[in-house]
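The next block holds one structure in the form of structure tokens; read it before the comments.
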Amino acid sequence: MISRIDLRGEALPEGSALRDLLPRAEFDVEAALEKVRPICEDVRHHGAAAVIEYGEKFDGVRVEDLRVPAEAIARALEELDPAVRAALEESIRRARLVHREQRRTTHTTQVVPGGTVTEKWIPVDRVGLYVPGGRAVYPSSVVMNVVPAQEAGVEGIAVSSPPQKEFGGLPHPTILAACALLGVDEVYAAGGAQAIAMFAYGTADGAAGRPGCAPVDLVTGPGNIYVAAAKRLLKGRIGIDAEAGPTEIAVLADATADPVHVAADLISQAEHDPMAASVLVTDSDELAAAVEAELKAQVAVARHVDDRIAPALAGRQSAIVLVTDLEDGLRVVNAYGAEHLEIQTADAAALADRVRNAGAVFVGPWAPVSLGDYCAGSNHVLPTGGCACHSSGLSVQSFLRGVHIVDYTRDALADVAHHVVTLAEAEDLPAHGAAIKARFGWKVPESK
């Protein structure tokens, strides 16, 4: 059901050599680029008509208008199960508490008397937020994308999610209801690479004289390999959060961990997709055996086994990794750089404090990844594929731009002018120095 990788007995290698020993899904975005390129070009030249055509081809349903009517969004909220509504409202409340604290403030530094540099944080003007809609329904991704954008102060927010044949070409009603709870009324029934291209290029045409989708400045949100490839292709025209790959969990555990909990958490991640990665790193043979037994028992009574859980656990991306001790275990999880990292050890908090590479860290037996997916207050749009070594999860910062405002008086410039001219000449850029000299009658002031 799940393979083993035994790294005990010898010194662990460093850097990429260690990473190469660890399980990882194959996710060739480069190969997918050539498949999405004609789709994006088609949307660029033919607008909404192309997006509708690709929706019919890939999602099996043809829509008359990409823009979801306001009454459909309102109706979805009216018909939402009260328990689901209460859960979404609590998820939104907790996410706002955390993300509101991430707001950046303007700060001015006086470099010298008369010379200041102010860093001002400005939200992007307009964002396109992508919400997947394939094997599962993700209203939680609406929350995780919209809340930080709103807390950052973004004024233009558009959401796109694939059309569903079952719902007459609209996105899933729970997704629409989540949009309604968040006050988002610009929603499009579009998925895949064509949705990303729609956001990048805009669509000038809409049904019945309605305006199309205006281009956005930034696109965020997870998706399949074709969404990731479209993001890579269009990066530069639009900003992107990340090229999200298959979801993943790593659990660092010792003999004190409960194998029932560990197995349940590995299965919860495998439930997403057959390419999802579930990795246990442990120094305990006994725990490894107990988790293997629990996996068999729990999978036997789970849903989505044949199409998701079983292939995910049996795939090359999932494994139980045996290490000599927790120090080696920490080196392994830092090399792996998991999207989600659980620490289930006797001293979980101390080990968690030493983690350097992870999208999010879940400490102890009572902070499972499922909590972070929905109601911890943290964000679940996180770096995958080892990108946690250089990238962060979605936050308010993702939607802000830092702008430096430089304000110098004549005297403050005069005091440093000779240094500026010297550096300009050292770089063989004499016009840079001339721009300083022109302000002082072409004679550089002497430093005071």
Other residues, nucleotides, ligands: >12 heavy atoms within 6.0 Å of Tyr226 OH
no
When you look at His380 and Tyr374, which way does the side chain to side chain contact (heavy atoms under 4.5 Å, CB included) test go after all the steps?
CA-CA 8 Å; His380 78 202; Tyr374 301 115; 5.8 Å; no
Atom of Ala346, atom of Asp254 and distance for their closest heavy-atom approach:
N-OD2, 3.0 Å
For the backbone of Ala338 and the side chain of Glu248, can you confirm whether one donor and one acceptor N or O come within less than 3.5 Å of each other?
no
Evaluate the criterion side chain to side chain contact (heavy atoms under 4.5 Å, CB included) for residue pair Arg24 and Tyr336; output intermediate values, then yes/no.
CA-CA 9 Å; Arg24 187 76 75 186; Tyr336 183 71; 3.4 Å; yes
Does any non-hydrogen side-chain atom of Asn334 lie less than 4.5 Å from one of Val355?
yes
Do Asp241 and Lys231 have side chains that approach each other closer than 4.5 Å (heavy atoms only, starting at C-beta)?
yes
Is the count of non-hydrogen atoms from other residues, nucleotides or ligands lying under 6.0 Å from Arg356 atom CZ greater than 12?
no
Taking every non-hydrogen atom, the tightest pair across Ile2 and Ser278
CD1-O, 3.9 Å
Does Ala276 offer a backbone N or O that forms a donor-acceptor pair with the side chain of Glu271 under 3.5 Å?
no
Sort out for me which residue in Gln102, His99, Arg103 forms a side chain to side chain donor-acceptor pair (under 3.5 Å) with Glu151.
Arg103
Which of these passes side chain to side chain contact (heavy atoms under 4.5 Å, CB included) with Val216: Val219, Thr220, Leu218?
Val219
Test side chain to side chain contact (heavy atoms under 4.5 Å, CB included) on Leu66 and Gln194; report intermediate values, then the result.
CA-CA 12 Å; Leu66 296 172; Gln194 62 269 25; over 6 Å; no
Identify the two heavy atoms, one from Ala149 and one from Ile157, that lie closest to each other, and give their separation to 0.1 Å.
CB-CD1, 4.0 Å
Expected output: side-chain Ser141 to main-chain Val131 donor-acceptor under 3.5 Å:
no
Can you find a pair of side-chain heavy atoms, one from Ser284 and one from Thr256, that are under 4.5 Å apart?
no
Is there a side chain to side chain contact (heavy atoms under 4.5 Å, CB included) between Gln150 and Val184 once you walk through the steps?
CA-CA 10 Å; Gln150 289 179 333; Val184 176; 4.2 Å; yes
Can you confirm whether Lys120 sits close enough to Ile122 that some side-chain heavy atom of one is under 4.5 Å from a side-chain heavy atom of the other?
yes
Are the side chain of Arg104 and the backbone of Gln397 linked by a donor-acceptor contact shorter than 3.5 Å?
no
Between the main-chain N or O of Pro13 and the side-chain N or O of Arg331, is there a donor-acceptor pair closer than 3.5 Å?
yes
From CD1 (Ile320) to OG1 (Thr282), nearest 0.5 Å:
8.5 Å
Looking at Tyr54 and Gly191, would you say the former's side chain and the latter's main chain have a donor-acceptor pair under 3.5 Å?
no
So for atom CD, which belongs to Glu119, do other residues, nucleotides or ligands contribute more than 12 heavy atoms lying within a distance under 6.0 Å?
yes
Taking all non-hydrogen atoms of both residues into account, name the closest pair between Val61 and Gly168 and its distance.
CG2-C, 4.5 Å
Rounded to the nearest 0.5 Å, what separates atom OG in Ser91 from atom CG in Asp373?
10.0 Å
Nearest-0.5 Å distance that lies between atom CG in Asn145 and atom OG in Ser140
9.5 Å
Assess whether atom CD of Glu26 is packed by more than 12 heavy atoms of other residues, nucleotides or ligands within 6.0 Å.
no
Classify the ring geometry between Tyr188 and Phe199 as parallel (under 30°), tilted (30 to 60°) or perpendicular (over 60°).
perpendicular
Expected output: side-chain Glu294 to main-chain Ala264 donor-acceptor under 3.5 Å:
no
Working to the nearest 0.5 angstrom, can you tell me the gap between Leu313 CG and Lys296 NZ?
12.0 Å
Matching residue for Val332 among Val281, Val279, Leu21 - test: side chain to side chain contact (heavy atoms under 4.5 Å, CB included):
Val281
Within the supplied structure, the quantity of interest is the number of heavy atoms (other residues, nucleotides, ligands) at a distance under 6.0 Å from Glu155 CD; does it exceed 12?
no
Are the side chain of Arg126 and the backbone N or O of Ala214 linked by a donor-acceptor pair below 3.5 Å?
yes
dist Ile175:CD1 -> Ser161:OG (nearest 0.5 Å) comes out at 3.5 Å
Heavy atoms of other groups near Gln110 CD, more than 12 under 6.0 Å:
yes
Minimum heavy-atom separation for Asn357 to Cys389, with atom names?
OD1-CA, 3.5 Å
With a 4.5 Å cut-off on side-chain heavy atoms, are Leu77 and Arg85 touching?
yes
To the nearest 0.5 Å, tell me how far Cys387 SG sits from Glu243 CD.
7.5 Å
State, yes or no, whether a side-chain contact exists between Val142 and Leu182 at a heavy-atom distance under 4.5 Å.
yes
Does His340 reach the main-chain N or O of Ala250 with its side chain, forming a donor-acceptor pair under 3.5 Å?
no
In the structure I gave you, are the side-chain heavy atoms of Pro38 and Glu41 within less than 4.5 Å of one another anywhere?
no
Look at Arg4 together with Asp285 and state whether they make a salt bridge at an N to O cut-off of under 4.0 Å.
yes
Any Pro274 side-chain heavy atom under 4.5 Å of Asp307 side chain:
no
Any donor-acceptor pair under 3.5 Å linking the side-chain atoms of Glu342 with those of Gln344?
yes
Just checking Asp20: does its CG atom have more than 12 heavy atoms from other residues, nucleotides or ligands closer to it than 6.0 angstrom?
yes
Work out which heavy atom in Met144 is nearest to a heavy atom in Asn379; give both atom names and the distance.
O-ND2, 2.8 Å
